[in-house]
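Data block below; observations after.
Every chain is numbered from 1, with letters handed out A, B, ... down the list of sequences.
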Amino acid sequence: MDLLYYPGCTVKTSAKCLETSGFAVIKALGHNLVEMEEWNCCGVVASLTDDDLMHHLAPLRNLIHAEDQGQEKIVTFCDMCGNTLKQTNLRVQESEENLDTLNNFMDQEEDYKKSVDVQHFLEFLRDDVGFAKLKKSVKKPLKGMKIMPYYGCTMLRPREVAIDDAEEPRILADLLKSLGAEVIDTPYKIECCGSYHTIEQKDLTAKRAYRISSSAQKAGADAIMLSCPMCKFNLDHRGKDAESLYDGYKQIPVYYYTQLIAMAMGLDIEECGFDSHTVDPIPLLKEKKVI
Amino acid sequence: MTTETNTEIARKTNDADTPEVSALNIYVMGKRYLVPAGLTIMAAIEYAGYQFVRSCGCRAGFCGACSTVYRKDDEQKLHFALACQTTVEDGMYLVQIPFVPAAKAKYMIEDLKAEENTILSLYPEIARCVSCNTCTKSCPQDIKVMMYIQNALRGDIAKAAELSFDCIQCGMCAMRCPADIKHYHVAQLARRLRGKYIDTLSKDLKKRVAEVEGGQYDKEIEELVGMSEEQLRGLYNKREIEAKKKKEGE
């Protein structure tokens, strides 16, 4: 099956490994991701202000481009993009007036006909492929890997666009189980990573990364698995920074779920782009004999 | 030039002995002038009595010096054009934009690398793009301005360079942008990065540079340097024009 793919800027720059490993996985599952012919930045964070429609132009323009290509669904890897596109989609579904205003402004585009559904790749795996079926594709179970699933905020909030329960999500835990890993649950799985504070307040973000990662380690985890590129940078990179703030602290590796699926399916390790990580994720895979 | 004289000119052009040329009303910075139809905006403004000191360059659609903003009598939206390339229309309210004071990043191209974040680090404001597409609408060259900014943002330098190739740096995009992006400077950086680091070097260029450095043309240059202005003019006027030669050949 061909799926229309919305990439977003981050997977083309700092999170290339999320895209390459995701592509490897979807190909191995017998599907094909086709990148949208024309797309722009998702808008990054949907504006929640009633009259701030300007910031809904970017996401809506992407939805229009999907309609231009005659598609009713777009799939995306990035949590932030998925969240932003879904929130704008919802807003225009609910407010004809907002949609009119936006359509009128974009007078060089076709009007949006509200036909597009935005799907996170995790939703595609859970709802369209099914974790049970995914489990059958596993050739090298992640046996002995103790992993904390980390959700962050944007895939769970607000409720209207969430892909799982905001307080007790299970999608990543279920996925880990199907890959044969041991799930380490901690209350910090839905704690904010610090998000964009990472630019101006590096220490604050490093401290948050420490809180999340050290809680995982205390519970016995030797790695973290997540989906969001923003969370990945903060836990992996700022987590490494935290080593200089806390005596004896050592940051554990942080994996994208697509990378762990690829490894469990026995796909080419080159597609995982592990060399772009701050904390080397390879030694643990070797130690647990996954590779 | 007064409106009265304009009316006289119009009357004269409508004389029975001369072929009929319709006259149009245009407004230059708010003042009305009657000009003959068929002129470019630039020629019409000159017809009205103005002499260009700025806002005029090559007169051939290449240099981008004559960017013009106009509105038509019955429209609420602004239009953007090059004065030397656009035919004047009745009821045009015109203003020339001779210079755009957009800030330009300072860099040494030799010190840069063509990486995903190279453009973003020199022009971080591209991340403020809200995809309103106002830049595209303001481009007299019909370039997909917003799309090349989006390509720059996602680190696709080659694509940003390709999409912006026809840019003449008039700067209208930067004047209209609500996010203060300096599109045309971003585009120039993209093309420089592509030219220097992404595209393969032309073998012919390498050969020619070696010829130049090997002194193959030194004698000709020295001869030219030694010539008087008169000799240079003569040589220039007798120069071989490829297109002309071809035409004569036919």
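Residue B/K144 qualifies as open at atom NZ: its count of foreign heavy atoms under 6.0 Å is 12 or below. No more than 12 heavy atoms of other residues, nucleotides or ligands shown are found within 6.0 angstrom of CD on A/E110. With a 6.0 Å radius and a threshold of 12 heavy atoms from other residues, nucleotides or ligands, A/H197 has its NE2 atom at or below the threshold. Applying the 6.0 Å contact sphere to NZ of A/K73 captures more than 12 heavy atoms from other residues, nucleotides or ligands. For B/Q51, the CD atom counts as loosely surrounded, since its 6.0 Å shell holds 12 or fewer non-hydrogen atoms of other residues, nucleotides or ligands. In the displayed structure, A/N104 atom CG is contacted under 6.0 Å by more than 12 heavy atoms of other residues, nucleotides or ligands.
Annotation for B/L153 and A/T13: closest pair O-CG2, 4.2 Å, computed over non-hydrogen atoms. Of all the heavy atoms in A/N40 and B/M146, the pair that sits closest is OD1-CE, 3.9 Å. Among all heavy-atom pairs drawn from B/M147 and A/E38, the shortest one is CE-CG, 3.7 Å. The minimum heavy-atom distance linking B/Q150 with A/C41 is given by the pair OE1-N, 2.5 Å.
Annotation: cation-pi pair B/K77/A/F105 absent, no NZ/CZ under 6.0 Å from the ring centroid and within 45° of its normal.
Looking at A/K12 and B/E116, their side chains never come closer than 4.5 Å, going by heavy atoms from C-beta outward. Annotation: side chain of B/N133 is in contact with side chain of A/Q108 (closest heavy-atom distance under 4.5 Å).
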Enumerate, atom names and distances included, each donor-acceptor pair closer than 3.5 Å involving a side-chain atom of residues 90-102 of chain B, sequence neighbours excluded.
from, atom 1, to, atom 2, distance (Å)
B/D90, OD1, B/N25, N, 2.7
B/Q96, NE2, B/T68, OG1, 3.1

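Contact annotation for residues 155-186 of chain B against chain A (heavy-atom separation below 4.5 Å, listed by residue number): B/G155, B/P178.
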Item to complete: Show your reasoning for whether side-chain contact (heavy atoms from CB on, under 4.5 Å) applies to B/R154 and A/T10.
Response: CA-CA 7 Å; B/R154 71 182 74 142; A/T10 309; over 6 Å; no

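Per-residue heavy-atom pair counts under 4.5 Å with chain B were compared for A/D107, A/N62, A/V44, and the maximum is reached by A/D107.
Without hydrogens or angle criteria, A/R61 side chain to B/S131 main chain gives a donor-acceptor distance under 3.5 Å.
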